[in-house]
*Asks:* 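Just dropping this structure here.
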Amino acid sequence: MSSDGRRTIVVKVGTSSILRGESGTLALSTLASLVETLATMVQNGDRVVLVSSGAVGVGCQRMRKKTRPQSVAELQAMAAIGQPHLMRYYDELFSALDQPIAQVLLSADALDSRSGYRNAQATFTELLKLGVIPVVNENDSVAVSELRFGDNDTLSALVSSAATALHLATRPHRPLSSTDRRLSA
(Lines give C-alpha, C1' and ligand atoms only; values in the text may rest on other atoms or scores of the structure.)
Protein backbone atom coordinates (compact mmCIF):
# COMPACT_ATOMS: atom_id res chain seq x y z
CA MET A 1 0.00 0.00 0.00
CA SER A 2 1.06 3.56 -0.59
CA SER A 3 1.70 6.06 2.17
CA ASP A 4 -1.94 7.19 1.91
CA GLY A 5 -3.19 3.59 2.35
CA ARG A 6 -4.42 3.15 -1.22
CA ARG A 7 -3.56 0.13 -3.33
CA THR A 8 -2.15 0.55 -6.82
CA ILE A 9 -3.24 -2.30 -9.05
CA VAL A 10 -2.11 -3.01 -12.59
CA VAL A 11 -4.64 -5.06 -14.55
CA LYS A 12 -3.41 -6.69 -17.74
CA VAL A 13 -5.90 -7.91 -20.33
CA GLY A 14 -4.80 -9.89 -23.33
CA THR A 15 -6.23 -9.91 -26.80
CA SER A 16 -8.06 -13.18 -26.12
CA SER A 17 -9.89 -11.52 -23.22
CA ILE A 18 -11.39 -8.71 -25.28
CA LEU A 19 -11.84 -10.27 -28.73
CA ARG A 20 -14.14 -13.15 -29.58
CA GLY A 21 -11.98 -16.05 -30.72
CA GLU A 22 -14.23 -17.41 -33.42
CA SER A 23 -15.03 -14.12 -35.14
CA GLY A 24 -12.21 -11.83 -34.04
CA THR A 25 -14.77 -9.15 -33.17
CA LEU A 26 -14.57 -7.03 -30.04
CA ALA A 27 -16.30 -8.62 -27.06
CA LEU A 28 -18.21 -5.49 -26.04
CA SER A 29 -19.97 -7.03 -23.04
CA THR A 30 -16.64 -8.26 -21.69
CA LEU A 31 -15.08 -4.85 -22.26
CA ALA A 32 -18.02 -3.12 -20.57
CA SER A 33 -17.78 -5.46 -17.58
CA LEU A 34 -14.05 -4.82 -17.26
CA VAL A 35 -14.55 -1.06 -17.45
CA GLU A 36 -17.31 -1.14 -14.83
CA THR A 37 -15.15 -3.22 -12.49
CA LEU A 38 -12.13 -0.93 -12.84
CA ALA A 39 -14.22 2.23 -12.37
CA THR A 40 -15.73 0.69 -9.22
CA MET A 41 -12.26 -0.11 -7.91
CA VAL A 42 -11.27 3.55 -8.34
CA GLN A 43 -14.49 4.67 -6.65
CA ASN A 44 -13.58 2.36 -3.76
CA GLY A 45 -10.22 4.08 -3.32
CA ASP A 46 -7.84 1.96 -5.39
CA ARG A 47 -5.47 3.33 -8.00
CA VAL A 48 -5.78 1.38 -11.24
CA VAL A 49 -3.62 1.04 -14.34
CA LEU A 50 -4.95 -0.95 -17.29
CA VAL A 51 -2.46 -2.64 -19.63
CA SER A 52 -4.50 -3.66 -22.66
CA SER A 53 -3.55 -5.70 -25.67
CA GLY A 54 -5.82 -5.90 -28.67
CA ALA A 55 -4.77 -3.14 -31.07
CA VAL A 56 -3.64 -5.60 -33.75
CA GLY A 57 -6.84 -7.63 -33.36
CA VAL A 58 -9.06 -4.54 -33.58
CA GLY A 59 -7.08 -3.41 -36.63
CA CYS A 60 -7.69 -6.79 -38.28
CA GLN A 61 -11.38 -6.49 -37.45
CA ARG A 62 -11.55 -2.98 -38.93
CA MET A 63 -9.84 -4.16 -42.12
CA ARG A 64 -11.96 -7.35 -42.25
CA LYS A 65 -8.91 -9.60 -42.18
CA LYS A 66 -9.80 -13.19 -41.35
CA THR A 67 -6.28 -14.20 -40.33
CA ARG A 68 -3.59 -12.48 -38.30
CA PRO A 69 -0.87 -11.02 -40.53
CA GLN A 70 2.55 -12.65 -40.40
CA SER A 71 4.92 -9.87 -41.41
CA VAL A 72 6.08 -7.30 -38.88
CA ALA A 73 5.10 -4.43 -41.20
CA GLU A 74 1.55 -5.77 -41.54
CA LEU A 75 1.27 -6.30 -37.76
CA GLN A 76 2.48 -2.75 -37.16
CA ALA A 77 -0.04 -1.41 -39.69
CA MET A 78 -2.89 -3.33 -38.00
CA ALA A 79 -1.78 -1.95 -34.62
CA ALA A 80 -1.74 1.60 -35.99
CA ILE A 81 -5.25 1.11 -37.38
CA GLY A 82 -6.62 -0.64 -34.31
CA GLN A 83 -5.17 1.43 -31.44
CA PRO A 84 -7.35 4.55 -31.88
CA HIS A 85 -10.48 2.43 -32.24
CA LEU A 86 -9.67 0.40 -29.13
CA MET A 87 -9.11 3.63 -27.18
CA ARG A 88 -12.39 5.04 -28.52
CA TYR A 89 -14.25 2.05 -27.06
CA TYR A 90 -12.48 2.42 -23.73
CA ASP A 91 -13.13 6.18 -23.70
CA GLU A 92 -16.84 5.81 -24.45
CA LEU A 93 -17.34 3.14 -21.80
CA PHE A 94 -15.31 4.88 -19.07
CA SER A 95 -16.91 8.25 -19.93
CA ALA A 96 -20.36 6.75 -19.37
CA LEU A 97 -19.21 6.09 -15.79
CA ASP A 98 -17.59 9.53 -15.43
CA GLN A 99 -14.15 7.93 -15.07
CA PRO A 100 -11.32 9.80 -16.79
CA ILE A 101 -8.68 7.79 -18.63
CA ALA A 102 -5.40 8.54 -20.39
CA GLN A 103 -3.67 6.72 -23.19
CA VAL A 104 -0.05 5.81 -22.47
CA LEU A 105 1.87 4.17 -25.30
CA LEU A 106 5.17 2.71 -24.16
CA SER A 107 7.85 0.39 -25.35
CA ALA A 108 10.06 -1.83 -23.26
CA ASP A 109 13.03 -0.03 -24.85
CA ALA A 110 11.82 3.33 -23.53
CA LEU A 111 11.69 1.91 -20.01
CA ASP A 112 15.21 0.46 -20.28
CA SER A 113 16.91 3.81 -19.72
CA ARG A 114 16.91 5.46 -16.32
CA SER A 115 15.51 8.72 -17.68
CA GLY A 116 12.76 6.92 -19.64
CA TYR A 117 11.77 4.91 -16.59
CA ARG A 118 11.71 8.00 -14.35
CA ASN A 119 9.62 9.93 -16.88
CA ALA A 120 7.11 7.08 -17.08
CA GLN A 121 7.05 6.82 -13.29
CA ALA A 122 6.36 10.56 -12.96
CA THR A 123 3.56 10.33 -15.52
CA PHE A 124 1.91 7.40 -13.73
CA THR A 125 2.25 9.12 -10.37
CA GLU A 126 0.55 12.28 -11.63
CA LEU A 127 -2.23 10.46 -13.50
CA LEU A 128 -3.02 8.26 -10.52
CA LYS A 129 -2.98 11.26 -8.18
CA LEU A 130 -5.60 12.86 -10.45
CA GLY A 131 -7.82 9.77 -10.25
CA VAL A 132 -7.21 8.92 -13.91
CA ILE A 133 -6.91 5.35 -15.13
CA PRO A 134 -3.91 5.09 -17.46
CA VAL A 135 -4.68 2.74 -20.35
CA VAL A 136 -1.29 1.40 -21.42
CA ASN A 137 -0.37 -0.45 -24.56
CA GLU A 138 2.84 -1.31 -26.27
CA ASN A 139 3.54 1.19 -29.03
CA ASP A 140 3.09 -1.65 -31.52
CA SER A 141 3.29 0.52 -34.63
CA VAL A 142 7.01 1.03 -33.96
CA ALA A 143 7.86 -1.94 -31.71
CA VAL A 144 9.21 -5.15 -33.15
CA SER A 145 10.09 -7.71 -30.48
CA GLU A 146 6.89 -7.37 -28.46
CA LEU A 147 4.75 -7.97 -31.54
CA ARG A 148 6.42 -11.34 -31.91
CA PHE A 149 6.84 -12.48 -28.31
CA GLY A 150 5.42 -10.36 -25.52
CA ASP A 151 1.73 -9.53 -25.95
CA ASN A 152 2.31 -6.95 -23.21
CA ASP A 153 3.33 -9.48 -20.54
CA THR A 154 6.76 -7.94 -20.07
CA LEU A 155 5.32 -4.45 -20.42
CA SER A 156 2.74 -5.05 -17.68
CA ALA A 157 5.52 -6.13 -15.29
CA LEU A 158 7.55 -3.02 -16.13
CA VAL A 159 4.46 -0.82 -15.70
CA SER A 160 3.77 -2.43 -12.31
CA SER A 161 7.22 -1.37 -11.21
CA ALA A 162 7.01 2.14 -12.68
CA ALA A 163 3.56 2.70 -11.13
CA THR A 164 4.82 1.28 -7.81
CA ALA A 165 1.97 -1.24 -7.85
CA LEU A 166 1.70 -3.93 -5.23
CA HIS A 167 -0.63 -6.04 -7.35
CA LEU A 168 -0.60 -7.27 -10.95
CA ALA A 169 -3.78 -9.02 -12.08
CA THR A 170 -4.46 -10.75 -15.36
CA ARG A 171 -7.79 -11.86 -16.80
CA PRO A 172 -7.06 -15.10 -18.61
CA HIS A 173 -10.35 -17.01 -18.47
CA ARG A 174 -12.74 -15.48 -16.00
CA PRO A 175 -14.02 -12.01 -15.18
CA LEU A 176 -12.17 -9.87 -12.67
CA SER A 177 -14.26 -8.33 -9.92
CA SER A 178 -13.43 -5.45 -7.61
CA THR A 179 -13.41 -7.92 -4.68
CA ASP A 180 -11.35 -10.58 -6.48
CA ARG A 181 -9.11 -12.65 -4.21
CA ARG A 182 -6.36 -12.31 -6.80
CA LEU A 183 -6.06 -8.70 -5.66
CA SER A 184 -5.74 -9.44 -1.95
CA ALA A 185 -2.62 -8.24 -0.23
Side-chain angles (χ1 to χ4, degrees), residues 10-39 48-97 99-112 116 120 123-124 127 132-160 162-163 168-177:
V10 174
V11 176
K12 189 257 182 197
V13 292
T15 301
S16 63
S17 295
I18 61 172
L19 294 179
R20 294 186 195 325
E22 66 282 354
S23 65
T25 58
L26 204 55
L28 291 174
S29 61
T30 302
L31 207 59
S33 177
L34 170 68
V35 164
E36 189 168 7
T37 298
L38 299 182
V48 176
V49 178
L50 173 60
V51 178
S52 177
S53 299
V56 171
V58 172
C60 289
Q61 176 189 343
R62 295 286 299 173
M63 298 308 294
R64 295 185 174 91
K65 289 196 169 281
K66 300 292 184 201
T67 59
R68 183 178 169 91
Q70 297 302 306
S71 78
V72 171
E74 282 183 289
L75 288 167
Q76 290 171 322
M78 290 304 107
I81 293 165
Q83 185 63 34
H85 294 286
L86 183 58
M87 281 306 298
R88 180 176 54 98
Y89 288 114
Y90 278 127
D91 187 53
E92 287 178 9
L93 292 167
F94 277 114
S95 291
L97 300 171
Q99 173 59 57
I101 64 170
Q103 179 179 22
V104 180
L105 293 175
L106 293 172
S107 66
D109 292 343
L111 294 176
D112 279 346
T123 299
F124 286 121
L127 289 170
V132 172
I133 295 177
V135 180
V136 182
N137 195 358
E138 176 75 33
N139 192 356
D140 289 331
S141 62
V142 296
V144 176
S145 61
E146 286 75 9
L147 278 169
R148 291 187 189 152
F149 306 111
D151 198 26
N152 284 341
D153 291 338
T154 301
L155 183 64
S156 61
L158 292 169
V159 166
S160 292
L168 171 60
T170 60
R171 303 185 70 239
H173 301 293
R174 62 186 170 93
L176 177 73
S177 73

*Asks:* Run Gln103 and Asp91 through side-chain contact (heavy atoms from CB on, under 4.5 Å) and show every step you take.
*Replies:* CA-CA 9 Å; Gln103 179 179 22; Asp91 187 53; over 6 Å; no
*Asks:* For Ile81, is there any backbone N or O sitting under 3.5 Å from a side-chain donor or acceptor partner on Gln83?
*Replies:*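 Pair absent, no side-chain N/O of Gln83 close to backbone of Ile81.
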*Asks:* Out of curiosity, Arg20 CZ to Leu28 CG, how far, rounded to the nearest 0.5 Å?
*Replies:*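 Going from the CZ atom of Arg20 to the CG atom of Leu28 covers 7.0 Å.
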*Asks:* Which value, rounded to the nearest 0.5 Å, describes the distance between Cys60 atom SG and Leu19 atom CG?
*Replies:*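 Spacing of SG (Cys60) from CG (Leu19) equals 9.0 Å.
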*Asks:* As a test of understanding, state which of Leu127, Val10, Ile133, Leu38 forms a side-chain contact (heavy atoms from CB on, under 4.5 Å) with Val49.
*Replies:*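 The passing option is Val10.
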*Asks:* Looking at every heavy atom in both Ser17 and Thr30, which two are closest together, and how far apart are they?
*Replies:*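 Minimum heavy-atom contact is O-CG2, 3.1 Å.
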*Asks:* Identify the heavy atoms of Val104 and Pro134 that sit nearest to each other, and give their distance.
*Replies:*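 Heavy-atom minimum between the residues: CG2-CB, 4.1 Å.
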*Asks:* Looking only at heavy atoms, what is the nearest atom pair of Gly54 and Thr15, with distance?
*Replies:*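 Heavy atoms only, the tightest pair is N-OG1, 3.3 Å.
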*Asks:* Identify the heavy atoms of Phe94 and Ala39 that sit nearest to each other, and give their distance.
*Replies:*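 Of all heavy-atom pairs spanning Phe94 and Ala39, the closest is CE2-N, 4.3 Å.
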*Asks:* Is the side chain of Ser33 donor-acceptor paired with the backbone N or O of Ser29 at a distance under 3.5 Å, no angle test?
*Replies:*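 No, the answer is negative, given that no donor and acceptor are paired below the 3.5 Å cut-off.
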*Asks:* Can you find a pair of side-chain heavy atoms, one from Val136 and one from Leu50, that are under 4.5 Å apart?
*Replies:*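 They are not in side-chain contact.
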*Asks:* Nearest 0.5 Å, what's the CD-OG distance between Glu138 and Ser52?
*Replies:*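 Between atom CD of Glu138 and atom OG of Ser52 there are 12.5 Å.
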*Asks:* What pair of heavy atoms forms the shortest contact from Asn137 to Ala55, and how long is it?
*Replies:*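 Shortest heavy-atom separation between Asn137 and Ala55 comes out as ND2-CB, 3.6 Å.
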*Asks:* Can you confirm whether Glu36 is buried at CD, in the sense that more than 12 heavy atoms of other residues, nucleotides or ligands lie under 6.0 Å from that atom?
*Replies:*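 Atom CD in Glu36 is not crowded, with 12 or fewer foreign heavy atoms closer than 6.0 Å.
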*Asks:* Checking side-chain contact (heavy atoms from CB on, under 4.5 Å) between Lys65 and each of Met63, Gln61, Arg62, Arg68, which is the one that passes?
*Replies:*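 Of Met63, Gln61, Arg62, Arg68, side-chain contact (heavy atoms from CB on, under 4.5 Å) with Lys65 is met by Met63 alone.
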*Asks:* Find the distance between CG (Leu31) and OH (Tyr89) and round it off to the nearest 0.5 Å.
*Replies:*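 Output value for this atom pair is 9.5 Å.
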*Asks:* List the atom of Ser53, the atom of Ile18, and the distance in Å for their closest heavy-atom pair.
*Replies:*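 Result for this residue pair: O-CD1, 3.1 Å.
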